[in-house]
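Residue numbers start from 1 in every chain, and the chains themselves are labelled A, B, ... in the order their sequence lines are given, proteins ahead of strands.
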Amino acid sequence: MNHWVVKKKPTAFSWDDLMALPDATVTWAGVRNYQAHNYMRDTMRPGEPALFYHSQTKTPAVVGVAEVASPGRPDPTQFDPSHRRYDPAASFEKPRWYAVGIRAVRRLERPVTLRELRGEPELESLELLRRGSMLTVHPIAAAAFLRILQLAAVNPAE
DNA sequence: GCCAACGTTGGC
DNA sequence: GCCAACGTTGGC
């Protein structure tokens with residue numbers, strides 16, 4: 001069982017946006033980074049847990065727990081000429097891009113900020129903390145996943 | 001809004 | 001195959 005991190009700018013698509021959808025489920029479409037995409041096409045399996053992270057915002061943070069709801073399927077945006085992520089090289093017979101379904105499981109008790117993550121010695125090697133990291137979908141070690149859930153359950157004021 | 005890091009594209 | 005230009009992602 002793999003654990004995952006999925007990232008979005010909340011101005012584009014936020015945790016609240018996900019919660020508002022039917023079944024709180026969305027197709028993680030539009031990813032055109034090969035490495036991130038390959039995880040969706042080849043590795044992610046329904047039921048695997050994923051942290052939902054808000055990037056490019058005033059206080060970047062992990063805000064919720066989600067799960068893979070459906071396996072990688074052809075990303076519909078690649079076939080749509082009016083879409084930003086349209087790919088003229090893709091066809092229905094030979095899709096180039098795949099996208100998984102992501103479903104909200106629960107909001108964290110409180111957001112765990114990027115600043116806090118940086119403060120945890122055992123999270124040092126976290127992909128999220130890597131300078132220049134641009135993987136909008138990537139795996140995370142089970143221990144790190146659990147540590148972040150622990151951090152969310154602790155009130156820093158106590 | 002700025003700047004850095006990285007991936008992709010395209011000329012050669 | 002190299003590398004500069006460009007677009008995108010990301011933190012601050």
In whole Å, I'd like the distance from the [atom1] atom of [X] to the [atom2] atom of [N].
X	N	atom1	atom2	value
Arg32(A)	dT9(C)	CZ	P	11 Å
Leu114(A)	dT9(C)	CG	P	18 Å
Tyr53(A)	dG10(C)	OH	C1'	8 Å
Leu117(A)	dG11(C)	CG	C1'	13 Å
His54(A)	dT9(C)	NE2	P	16 Å
Arg130(A)	dT9(C)	CZ	C1'	12 Å
Arg115(A)	dG11(C)	CZ	P	13 Å
Lys8(A)	dG11(C)	NZ	P	15 Å

Acceptor/donor pairs from residues 57-70 of chain A side chains to any protein atom, 3.5 angstrom cut, sequence neighbours excluded:
| from | atom 1 | to | atom 2 | distance (Å) |
| --- | --- | --- | --- | --- |
| Glu67(A) | OE2 | Arg103(A) | NE | 3.1 |
| Glu67(A) | OE2 | Arg103(A) | NH2 | 2.9 |
| Ser70(A) | OG | Gly101(A) | N | 3.0 |

| task | Salt-bridge test for Asp75(A) and Arg41(A): reply yes if a basic N is under 4.0 Å from a carboxylate O, no otherwise. | result | no
| Taking for each residue the nucleotide of DNA chain C bearing the nearest heavy atom, is the 5' side occupied by Lys58(A) or by Gly30(A)? |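 Counting from the 5' end, the first nearest nucleotide belongs to Gly30(A).
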| task | Give the other cluster members for Phe79(A), using side-chain heavy-atom distances under 4.5 Å between Ile, Leu, Val, Met, Phe, Trp and Tyr residues; answer none if it is isolated. | result |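 Phe92(A), listed by chain and number.
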| query | What string of B, S and - do you get for nucleotides 3-8 of chain C, 5' to 3', when a contact is any protein heavy atom under 4.0 Å? | reply | -----B
Tabulate below the donor-acceptor pairs under 3.5 Å that side-chain atoms of residues 132-145 of chain A make, not counting sequence neighbours, or state none.
| from | atom 1 | to | atom 2 | distance (Å) |
| --- | --- | --- | --- | --- |
| Ser133(A) | OG | Glu127(A) | O | 3.3 |
| Ser133(A) | OG | Glu127(A) | OE2 | 2.7 |
| His138(A) | ND1 | Leu135(A) | O | 3.2 |

| Set of ring pair (Phe, Tyr, Trp, His ring centres under 6.0 Å) partners for Tyr34(A), sequence neighbours left out | Trp97(A)
Return all side-chain donor-acceptor pairs below 3.5 angstrom for residues 17-28 of chain A, not counting sequence neighbours, or 'none' if the list is empty.
| from | atom 1 | to | atom 2 | distance (Å) |
| --- | --- | --- | --- | --- |
| Asp17(A) | OD2 | Ser14(A) | N | 2.9 |
| Asp17(A) | OD2 | Ser14(A) | OG | 3.2 |
| Thr25(A) | OG1 | Asp23(A) | O | 2.8 |

| query | Under 4.0 Å between a side-chain N or O of Lys7(A) and OP1 or OP2 of dT9(C)? | reply | no
